[in-house]
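Read through the structure below, which is laid out as structure tokens, and then see the notes.
Here is how names work: the chains are called A, B, and so on, in the same order as the sequence lines, proteins then strands, and each is numbered from 1. Computed from a predicted model, the values in this text were never measured in an experiment.
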Amino acid sequence: MIKKREVVIIDYGMGNIYSLYNALKYLGAKIEVADNPSKISKSKILMLPGVGSFKKAMQQIKKKKIDEAIFIANEKRSYIFGICLGMQLFSLSSNEGGYTKGLGLISNKVEKFLPREIKNKKIPHVGFNEAKCEKSNKLFKGLKNNDFYFVHSYRMLKEKLSLDISTTNYGIEFLSSFHHENLFATQFHPEKSQENGLKLLENFLNLT
Amino acid sequence: MLKKRLIFILLYQQENFYLSRNFQLQKVGNLQWLKKNYNFSLIAKSIDELIILDVSRSKTDIKKFTQVLKKVIKNCFIPVSVGGKINHLDVAKKYIDAGADKLVINSDLFNLDLIQKMAATYGEQSLIGSLDYKKKNKDFVFFTNNGSKQVEVNPNKIFSIVKNFHIGEVMLNSIDKDGTGFGLDFDLLKKVPKKFNKPIIYSGGSGNHIHILEGFRKKNLDAIATANLLNFVGDGLLFTRNELLKSGVKLAKW
């Protein structure tokens, strides 16, 4: 029952939380928006949204000591779902605005799309695009269409991730989502992807 | 494969929604009218994005605007861009906090300091640079400030200048075609350099699905936006989307 899910949306002062809040509320979850480290570290289901600059985001997160709270939650194997920049923040580092260390929840890196590798397509990659995945991927269970809304110029490199991932084509195949143990992440915005996104969020909540 | 985008624009001024024809505003109705004729939690299924612009010709009440904004987009799970009077980082923050995913900047597009600051906070991909234009003989003249202020740059160089701005997308709106429903102007599109690498939203003149289809057949055009509240009333947007899909336009499905 989704009604019993208590979700904490981590607010570190960047980007719009309103649509994610609305989407989760629409699905029936109980939501709290928090920047308080003790609240975050105690939560069993965390959402890390965000748009904007990786560097600025990490500065904000450290300033508010949210990083430490996330580490505690991760050690307790709380579910953590990163969206867009939130997914990228899970990484070891990003080359956005110079080398910046990420939360390091997984050992992958984040890099900008290179014009050559995406065959000179436009940057940012913005609009609806398809996330392709194995049938066994539980996050996408029951979806009729896999079109999701993307808006980004950087992406997480696939590296060692192979199970429970989705990839999307933008000149190259890039990692558009993953599920690894307690961590879930999408480069796209499920909260802005109509029914497809709502279903994906519902699947996530059902997995917790 | 990245899909094309069909965008709907709402023009707001002091608690009412407006039609615009060649940038002359005509009142259509208030929030109740909008809700009655455009249920956005339903309509949203026919469009890929929603843009809401405060085009108030005089002073505006940002608080009231953001209150209306929140009401319009509740349970509307698509990207929402908001513009109008963004002349300070504080205004940007207010719009973002009210649910904006992206910001549309027109009057202060050439305020490079402000653009830089907003890009550093929200990322370049959250900023849409909007330019309104008129055709003059064979040339183009660009405007900001609701079409009242001419941009003082060489029109032939505008794309090479804007290319380097810290913005994610560019929205081009024909003042001549605005609100006419006579079809889009594609002449300016020919002037966009092949290597211009920011997504382009085209607007001004869409009267029906055939105009939009014509647009999507052009290269270098990523999205088409329409602000015509009366042309697409009822199931107009749904009909348009279905016609486009039938004609083979690659649009998102859900």
Applying a strict 4.5 Å limit to non-hydrogen atoms, the region of Ala98(B) in contact with chain A is backbone

Approximate separation, where rounding is to 0.5 Å, of Asn22(A) CG and Lys70(B) NZ
9.0 Å

Okay, Phe196(B) and chain A: the region with an atom under 4.5 Å from a heavy atom over there is backbone

Name the orientation class of the two ring planes belonging to Trp254(B) and Phe128(A) (parallel below 30°, tilted from 30 to 60°, perpendicular beyond 60°).
tilted

Please look at Ile47(B) and chain A and tell me whether the side chain, the backbone, both or neither of the residue comes under 4.5 angstrom of a heavy atom of that chain.
backbone

Taking atom types as modelled, is there a side-chain donor on Asn220(B) or Lys122(A) under 3.5 Å from an acceptor on the other?
yes

dist Phe77(B):CZ -> Ser193(A):OG (nearest 0.5 Å) comes out at 11.5 Å

Would you name the heavy atoms of Ser126(B) and Val51(A) that are closest together and state the gap between them?
OG-CG2, 4.1 Å

How long is the span from the NZ atom in Lys3(B) to the OH atom in Tyr149(A), to the nearest 0.5 Å?
14.5 Å

Honestly, the part of Glu124(B) sitting under 4.5 Å from a heavy atom of chain A is neither

Which portion of Thr121(B) sits near chain A, non-hydrogen atoms under 4.5 angstrom:
both

Considering non-hydrogen atoms only, spot the tightest contact between Gln194(A) and Lys45(B) and give its length.
OE1-CA, 3.3 Å

